[in-house]
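When reading the values below, keep in mind they use all heavy atoms of this one structure, side chains included, and skip hydrogens, waters and symmetry mates.
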Amino acid sequence: MALDNTCEIDTINCDDYTQADFFRYQGKDLFEVVDYFSAYFQDAVRKGYMVYGNPVSSAPEAEFKVYDRYRKKERSFLNFCSYNYLGYSCHPEVIAAAQQTLGKYGTGAVSAPLLSGYYDLTKQLENAIARFKRKEDAVIFPTGYGTNLGILSCLLKPGDVAVLDILSHASIYDGVRLAGADVKVFSHNNAEHLEKILKGLKTKRAIVCLEGVYSMDGDLADLPAIVEICKKYDVKILLDEAHSTLIFGENGRGVAEYFNLEDQIDIIIGTFSKSFGAIGGFAAGSEKVMTYLRMYARSYVFSCAMAPHTAAGILKVLELFENDKSNLIKLWENTNYIQRKLRTAGLDIGKTASQIIPVIVGNDRRLRKISRMIHQEGLCTGVVTFPAVSGKKTRLRLSISSNHTVEQMDACVRIVKNAFDKL
């Protein structure tokens with residue numbers, strides 16, 4: 001049903017619309033859309049579809065406490081939506097490192113990094129990340145989203161071109177748009193389509209942006225084929241390793257290491273909010289490029305810096321990881337196990353090759369009903385619809401961790417399978 005200002009707000013039925021309808025709506029008044037969306041939202045709550053935003057009241061373990069708005073009480077859920085892939089967010093040594101730092105530095109940086117927000121621990125972390133990623137230098141950003149936003153809006157200018165894999169993260173798209181540069185997209189992992197675009201460019205001021213592991217599909221960038229094309233046309237490469245750092249490669253440095261192509265990547269992006277179990281982002285590359293970013297990347301210059309205790313926790317994670325890969329080994333055992341179980345159950349998990357596992361649903365209405373059923377059964381997963389994916393590719397997104405037990409994974413598969421079967 002089309003949404004326009006002839007619709008009666010009191011009769012809005014959430015089953016007739018998707019979130020995309022409200023995003024596209026343009027009324028005479030700037031805030032007019034919120035009245036319609038509020039009616040849609042309230043109807044979705046009444047029908048048990050609104051499973052987003054329930055407050056969590058415990059650490060992001062494999063099972064955690066969540067306030068259930070429908071039962072009006074806190075209860076336990078199986079946690080298959082957290083990015084705490086290696087369990088470091090809850091590791092006692094990581095927690096102790098952060099706690100010990102709080103007494104010396106306080107609770108936050110309370111300043112931008114170019115003023116008084118740049119601490120000795122920040123510098124130690126930058127040095128550690130640069131060494132880990134085998135780059136000359138690194139810059140620490142307060143968030144992962146702000147990392148891509150700041151870098152691309154800083155380096156690109158109007159008339160420049162960013163060539164993006166169509167499934168690139170929103171932060172990549174937003175950074176290019178903020179710069180006023182031209183956006184061109186190539187079909188997912190399609191090196192031939194990428195070459196066609198690069199061949200037609202009228203400027204050498206271009207950058208190709210990829211993800212190591214694609215955050216909604218869980219598959220890997222076809223880095224060997226794509227790097228070969230980029231080098232042929234002499235364009236820069238930005239690789240976002242948000243979901244692949246500490247996961248892929250013999251030493252956990254990411255998909256670039258996995259394919260033995262680290263030296264071919266101009267800028268490597270990563271986040272601390274995934275495998276590191278914290279918050280923040282980083283860029284690693286040449287010393288000259290990193291120095292430039294420190295002075296011109298607006299999301300770095302004009303944001304408050306990372307808190308020192310956060311940096312201390314991340315440094316401890318790096319130390320633990322480099323000395324003991326048992327969490328990583330366990331993660332891959334769990335990932336392989338649940339992928340087999342899901343496929344055996346006849347569920348469509350696409351071409352995932354990682355700890356991110358989509359379970360394809362298809363349309364928005366079906367997703368809502370499935371999400372309501374699994375919520376009632378105490379399973380918390382990513383429930384992914386527009387704007388994260390198109391309305392025809394809605395899905396559940398399972399995030400696997402090293403802390404999941406076989407029993408918890410079996411329960412997850414059973415709950416999801418039962419919900420699909422009922423529809």
Side-chain angles (χ1 to χ4, degrees), residues 60-64 77-91 167 188-189 211-224 241-261 270-271 274-277 317 320-361 374 379-382 384 395-421:
E61 301 273 15
E63 188 170 333
F64 63 170
F77 279 77
L78 292 174
N79 179 7
F80 281 85
C81 61
S82 171
Y83 304 139
N84 194 20
Y85 300 133
L86 298 175
Y88 285 129
S89 173
C90 312
H91 195 289
L167 297 186
H188 180 51
N189 261 343
E211 293 185 44
V213 169
Y214 283 89
S215 58
M216 289 299 155
D217 288 73
D219 59 338
L220 310 189
D222 185 4
L223 212 54
E241 297 261 38
H243 291 275
S244 45
T245 298
L246 301 191
I247 305 295
F248 281 86
E250 183 179 350
N251 300 286
R253 294 198 297 270
V255 168
E257 183 195 15
Y258 178 78
F259 286 116
N260 195 28
L261 290 168
T271 61
K274 311 303 189 292
S275 300
F276 288 93
V317 168
L320 291 168
F321 182 81
E322 290 177 343
N323 291 327
D324 181 7
K325 301 291 192 299
S326 60
N327 284 12
L328 179 58
I329 293 169
K330 181 61 176 174
L331 172 65
W332 278 109
E333 289 176 355
N334 285 351
T335 297
N336 293 330
Y337 177 84
I338 196 169
Q339 283 187 11
R340 287 195 304 271
K341 296 284 287 189
L342 289 163
R343 288 194 172 103
T344 300
L347 296 163
D348 180 3
I349 62 172
K351 297 180 180 179
T352 181
S354 71
Q355 75 285 358
I356 299 171
I357 305 177
V359 184
I360 306 302
V361 175
I374 67 171
L379 173 61
C380 189
T381 75
V384 185
R395 66 199 59 192
L396 303 177
R397 182 177 65 166
L398 308 181
S399 296
I400 312 307
S401 85
S402 57
N403 288 340
H404 283 122
T405 65
V406 168
E407 292 75 18
Q408 288 167 337
M409 291 187 287
D410 286 346
C412 173
V413 175
R414 173 180 51 79
I415 291 169
V416 172
K417 173 65 172 172
N418 287 344
F420 273 73
D421 286 348

Practice task
Can you measure from CG (N189) to CG (D219) and round to the nearest 0.5 angstrom?
Solution key: 6.0 Å
Fill in the blank from the handout: On a heavy-atom basis, the closest approach of P60 and S89 is CG-OG, 3.6 Å
Handout entry: Crowding at CG, N418 (>12 non-hydrogen neighbours, <6.0 Å)
Key = yes
Exercise for the section: Find out whether F64 and S82 are in side-chain contact, i.e. whether some heavy atom of one side chain is under 4.5 Å from a heavy atom of the other. Expected result: no
Exercise for the section: Keeping the roles fixed (side chain from E61, backbone from C90), state whether a donor-acceptor pair exists under 3.5 Å. Expected result: no
Problem - Closest non-hydrogen atom pair between Y88 and L246, with its separation - result: CE1-CD1, 4.4 Å
Handout entry: Check: L86 main-chain N/O paired with N327 side-chain donor or acceptor under 3.5 Å
Key = yes
Exercise for the section: Enter the distance from C380:SG to L396:CG here, rounded to the nearest 0.5 Å. Expected result: 11.0 Å
Exercise for the section: Measure the shortest side-chain to side-chain distance between E63 and L78 over non-hydrogen atoms and say whether it is less than 4.5 angstrom. Expected result: yes
Exercise for the section: Indicate the atoms forming the closest heavy-atom contact of A62 with Q408, along with that distance. Expected result: CB-OE1, 3.4 Å
Completion exercise
Note: T352 and P358 closest approach over all heavy atoms is CB-CD, 3.9 Å
Handout entry: Donor-acceptor under 3.5 Å (E211 side chain, S244 main chain)
Key = no
Handout entry: Ring-ring centroid check Y85 W332, cutoff 6.0 Å
Key = no
Problem - K274 NZ/CZ over F276 ring centroid, <6.0 Å and within 45° of normal - result: no
Handout entry: N79 backbone acceptor or donor facing H404 side chain under 3.5 Å
Key = yes
Practice task
Could you tell me whether a side-chain N or O of S399 sits under 3.5 Å from a main-chain N or O of Y83, the two making a donor and an acceptor?
Solution key: no
Handout entry: H243 to S215 - nearest heavy-atom pair and separation
Key = NE2-CB, 3.5 Å
Handout entry: Residue pair S401 / N403, side-chain donor-acceptor N/O under 3.5 Å
Key = no
Handout entry: Validation row: Y258, L223 side chains within 4.5 angstrom (heavy atoms)
Key = no
Fill in the blank from the handout: dist I357:CD1 -> R397:CZ (nearest 0.5 Å) comes out at 12.0 Å
Exercise for the section: Please examine the side chains of V413 and T344, heavy atoms only from C-beta on, and report whether any two atoms are closer than 4.5 Å. Expected result: no
Fill in the blank from the handout: The reported gap from CD1 in I415 to CD1 in I374 (rounded to nearest 0.5 angstrom) is 8.0 Å
Practice task
Run the numbers on I400 and F80 for side chain to side chain contact (heavy atoms under 4.5 Å, CB included), then give the verdict.
Solution key: CA-CA 6 Å; I400 312 307; F80 281 85; 3.9 Å; yes
Practice task
Answer yes or no: are there more than 12 heavy-atom neighbours, outside F259 itself, under 6.0 Å from its atom CZ?
Solution key: yes
Handout entry: Salt bridge present between D410 and R414 (N-O < 4.0 angstrom)
Key = no
Handout entry: Modelled atom types, side-chain donor and acceptor of D217 and H188, under 3.5 Å
Key = no
Handout entry: Full working for side chain to side chain contact (heavy atoms under 4.5 Å, CB included) between V213 and I247
Key = CA-CA 10 Å; V213 169; I247 305 295; over 6 Å; no
Practice task
Indicate yes or no for a side-chain donor-acceptor contact from N251 to the backbone of R253 under 3.5 Å, with no hydrogens or angles considered.
Solution key: no
Practice task
Work out which heavy atom in I338 is nearest to a heavy atom in C412; give both atom names and the distance.
Solution key: CD1-SG, 4.4 Å
Exercise for the section: Output yes when a side-chain donor or acceptor of Q339 lies under 3.5 Å from a complementary backbone atom of Q355, and no otherwise. Expected result: no
Practice task
Give a yes or no answer on whether the side chain of S275 reaches the backbone of T245 with a donor-acceptor pair at less than 3.5 Å.
Solution key: yes
Handout entry: Pairwise distance CD1(I349) to CZ(R340) - rounded to 0.5 angstrom
Key = 11.0 Å
Handout entry: Donor-acceptor contact below 3.5 Å, side chain N334 vs main chain N336
Key = no
